[in-house]
Amino acid sequence: MCQMHHQQAGEVRTNVGVSEFVEELVVAITSIRVYWHEHPRVQTSLETLVEGLEELLERMDTQQLDLGASEGYLFVGKRPLLGASLAAARILEPLDIIGSGGISFRRGAAISDFVPLMQLLSRKRLEDIDVESANGFLESERCTAISCLPPFRRGRGDSPIADEVVDVLGTREFQRESDNLFALDIPVRMYQEVVDHMQSAMVSVCSGEGLDLDATKGHVETILRKIEDDPKAALSMSRYEQYDAFTFGHSIRVCMFALSFARAMHLEPELVNRIGAAALLHDVGKARVPFEVLHSTGRLSDDERREMSRHAVHGAEILLEMDSSDPLAIAAAFGHHRTMAGGYPATLHTPTLSTATSIVKICDVYEALTAVRPYKDRMSPMRAFRIMMSMNDHFDPKLLRKFMQVTGIYPIGSRVRLSNGEIARVFSQTSIVDRPTVDVEELTNGEPYARDQQRRVDLSSDDSVSVDELLLGAEMS
């Protein structure tokens, strides 16, 4: 996992552990919406939560973890968990509705403590519940080691982390780190809403219900508008590397890459939107992959890999069951692992992939290579392109070359160190693949430029400076 610039080693380890704990909390909330709480899949998540909490508290040398929630972010101590917050709408939204400032987890928490919390956070209606009644519910269910924190109110001191969190939101350090990430306010909430939609889609599929395709189209249109209005901020979001067990983040990032690519190809706006929706839904079939296979954090066995490969057929079947499904989305779900040499699913004839499927396929592989996974580190775009170029018969060569030109070896939104020592963020590509246009954000001594002092430099027309290094770490907790 990644960390912010100024974290000390102990803070990094703590925040990584809390982020993993939050991820498992989201997994449990999502699972309990599909299955009863005694189902083996839910029990596995709950057991992982119990063990993870005890390990985390032991590492922190404390008796309780106060997980703060305010203004769309999760906190631990004074640190906003920026990465974990992106996929945590299922935690943040219920807490916001009841007016809670977070959740307190204490040593000795058992499965019997977590179950009522899951039930509370997954309720469909919370408008008539406040913090006091929420804690009353938890107590009535014999939950003694978990409680909802009171709301943050500056100066009140009724929450153990209230003043610390309120204060840190206004600090220059937090604003600097926010600016360095991706103009947080709008993109984070957009990302959270799309993750929430993908979680709902998975629940619907597992429950045998149809997908809300109109909502999918709406989210794709929102992402596209953000890319059009502020490509640097939107595509910085695609640098977010935290891996999630249900691969929602992967699908969202593939969607962003596909929308940016299709838009750069000057395709018709309606077709661009359809390609974006196909990309967002390309892995929808994973909702029918066995939980233990999808949730595995290690390399898959041969049998598990065969089971995972069935997601392409599952995805096409799910979409075919719906009258309003777009044929482009059905084709992309089925064919994004097909190649001119075969691939999967196996078919009687060598496939001819549509442009839409080919775009989704390229973006899918590129994201998989350049993102962090539990079993691998992030790969640089340059190395990813070299690998993709060597994968004979896997991609449409013309499309792949065009994607490389559009994406660049220094992708839009990524942070780079210039040859003069300054830190910049890539704003757009130019005709020279290794000389993009950048916004200079930090001086050589690491101090940030004020917003009105930041400058934009077209490196293709300025020979005095060049990109020295791509900064792969996405300063996130």
Side-chain angles (χ1 to χ4, degrees), residues 86 181-183 186-188 190-191 194-195 198 216-241 248-283 328-329 332 336 354-371 378 380-382 384-385 388 395-396 398-416 425-434 436-439 470 474:
L86 291 178
L181 287 168
F182 36 63
I186 295 176
V188 162
M190 178 191 76
Y191 196 103
V194 181
V195 169
M198 297 300 289
T216 299
K217 295 174 184 176
H219 286 299
V220 170
E221 290 169 0
T222 299
I223 295 171
L224 181 58
R225 282 196 300 271
K226 186 61 183 176
I227 291 174
E228 292 172 340
D229 294 342
D230 192 350
K232 182 180 71 171
L235 292 175
S236 288
M237 187 73 73
S238 67
R239 306 272 80 76
Y240 163 54
E241 65 179 19
F248 300 133
H250 165 72
S251 294
I252 296 170
R253 292 189 293 273
V254 171
C255 174
M256 289 179 171
F257 286 132
L259 284 171
S260 180
F261 185 23
R263 178 171 170 265
M265 292 175 66
H266 305 291
L267 301 179
E268 291 294 325
E270 181 183 357
L271 180 56
V272 172
N273 276 284
R274 292 174 66 193
I275 290 173
L280 191 60
L281 295 174
H282 78 283
D283 271 344
L328 291 185
H336 66 279
S354 68
T355 298
T357 299
S358 296
I359 288 175
V360 172
K361 179 180 177 62
I362 288 171
C363 296
D364 179 39
V365 174
Y366 176 77
E367 196 286 329
L369 290 174
T370 58
R378 175 194 288 271
S380 72
M382 183 180 295
F385 288 145
M388 293 173 75
F395 310 103
D396 180 316
K398 292 182 179 179
L399 272 181
L400 179 56
R401 285 194 294 271
K402 180 66 175 177
F403 179 76
M404 293 168 61
Q405 179 184 354
V406 168
T407 305
I409 61 175
Y410 305 118
I412 293 174
S414 59
R415 299 181 74 241
V416 294
R425 190 175 295 278
V426 178
F427 174 76
S428 64
Q429 302 300 330
T430 69
S431 58
I432 304 177
V433 69
D434 62 345
T437 298
V438 301
D439 289 333
L470 174 66

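In this text the structure is predicted, and so the values were computed from the model without any measurement. As a basis for the values below, the full set of heavy atoms in this structure was taken, side chains included, without hydrogen atoms, waters or symmetry mates.
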Working to the nearest 0.5 angstrom, can you tell me the gap between Ile362 CD1 and Asp396 CG? 6.5 Å

Applying side chain to side chain donor-acceptor pair (under 3.5 Å) to Ser428 and not counting sequence neighbours gives none

If we only count heavy atoms from C-beta on, is the Thr430 to Thr437 side-chain gap below 4.5 Å? yes

Please test Gln429 against Val406 for side-chain contact (heavy atoms from CB on, under 4.5 Å), starting from the C-alpha separation and ending with a verdict. CA-CA 7 Å; Gln429 302 300 330; Val406 168; over 6 Å; no

Before giving the answer on side-chain contact (heavy atoms from CB on, under 4.5 Å), spell out for Phe427 and Val438 the whole-Å C-alpha distance, their side-chain angles and the decisive distance to 0.1 Å. CA-CA 5 Å; Phe427 174 76; Val438 301; 5.9 Å; no

Glu221 side chain to Asn273 backbone, donor-acceptor under 3.5 Å: no

How far apart are the closest heavy atoms of Gly408 and Val433, and which atoms are they? CA-CG2, 4.1 Å

From Ile412 atom CD1 to Thr407 atom OG1, the distance as rounded to the nearest 0.5 Å: 8.0 Å

A side-chain contact here means heavy atoms from C-beta on lying under 4.5 Å apart; do Leu400 and Met388 qualify? yes

Provide the full list of side-chain hydrogen bond (donor to acceptor under 3.5 Å, both in side chains) pairs with a residue in residues 255-269, sequence neighbours left out, each pair given once. none

Would you say that Leu281 contacts Ser251 through its side chain, given a criterion of any heavy-atom pair below 4.5 Å between the two side chains? no

Working to the nearest 0.5 angstrom, can you tell me the gap between Ile227 CD1 and Phe257 CZ? 10.0 Å

Starting at CG of Leu271, measure out to OG1 of Thr355 and round the result to the nearest 0.5 Å. 8.0 Å

Using a 4.5 Å cut-off on heavy atoms from C-beta on, say whether the side chain of Pro411 contacts that of Val426. no

All side-chain contact (heavy atoms from CB on, under 4.5 Å) counterparts of Gln405, not counting sequence neighbours: Lys402

Quick one: side-chain contact (heavy atoms from CB on, under 4.5 Å) partners of Asp364, sequence neighbours excluded? His250, Val254, His282, His336, His337

Between Leu259 and Ile275, is the side-chain contact (heavy atoms from CB on, under 4.5 Å) condition met? List the steps. CA-CA 7 Å; Leu259 284 171; Ile275 290 173; over 6 Å; no

ring-ring contact (aromatic ring centres under 6.0 Å, His included) against Phe403, all qualifying residues, sequence neighbours excluded: Phe261, Tyr366

Tell me, please, which residues at least two apart from Ala332 pass side-chain contact (heavy atoms from CB on, under 4.5 Å). Ala278, Thr357, Val360

Could you pull out all residues at least two apart from Arg274 that satisfy side chain to side chain donor-acceptor pair (under 3.5 Å)? Asp326

Sequence neighbours excluded, which residues qualify as side-chain contact (heavy atoms from CB on, under 4.5 Å) partners of Ser358? Leu353, Leu399

For Arg225, which residues count as a side chain to side chain donor-acceptor pair (under 3.5 Å) partner, sequence neighbours excluded? Thr222

Under the rule for ring-ring contact (aromatic ring centres under 6.0 Å, His included), what residues qualify as partners of Phe395, not counting sequence neighbours? none

So does Cys255 get a backbone contact from the side chain of Glu367, meaning a donor-acceptor N/O pair under 3.5 Å? no

Nearest 0.5 angstrom please: Ile409 CD1 to Phe385 CZ, how far? 9.0 Å

Separation between NE2 (His219) and CG (Leu224), nearest 0.5 Å, reads 14.5 Å

Full working for side-chain contact (heavy atoms from CB on, under 4.5 Å) between Leu280 and Met198: CA-CA 9 Å; Leu280 191 60; Met198 297 300 289; 3.8 Å; yes

Please list, chain by chain and in numerical order, all residues satisfying salt bridge (Lys or Arg N to Asp or Glu O under 4.0 Å) with Asp439, sequence neighbours excluded. Lys232, Arg456

Are the side chains of Arg253 and Tyr191 in contact, using a 4.5 Å heavy-atom criterion? yes

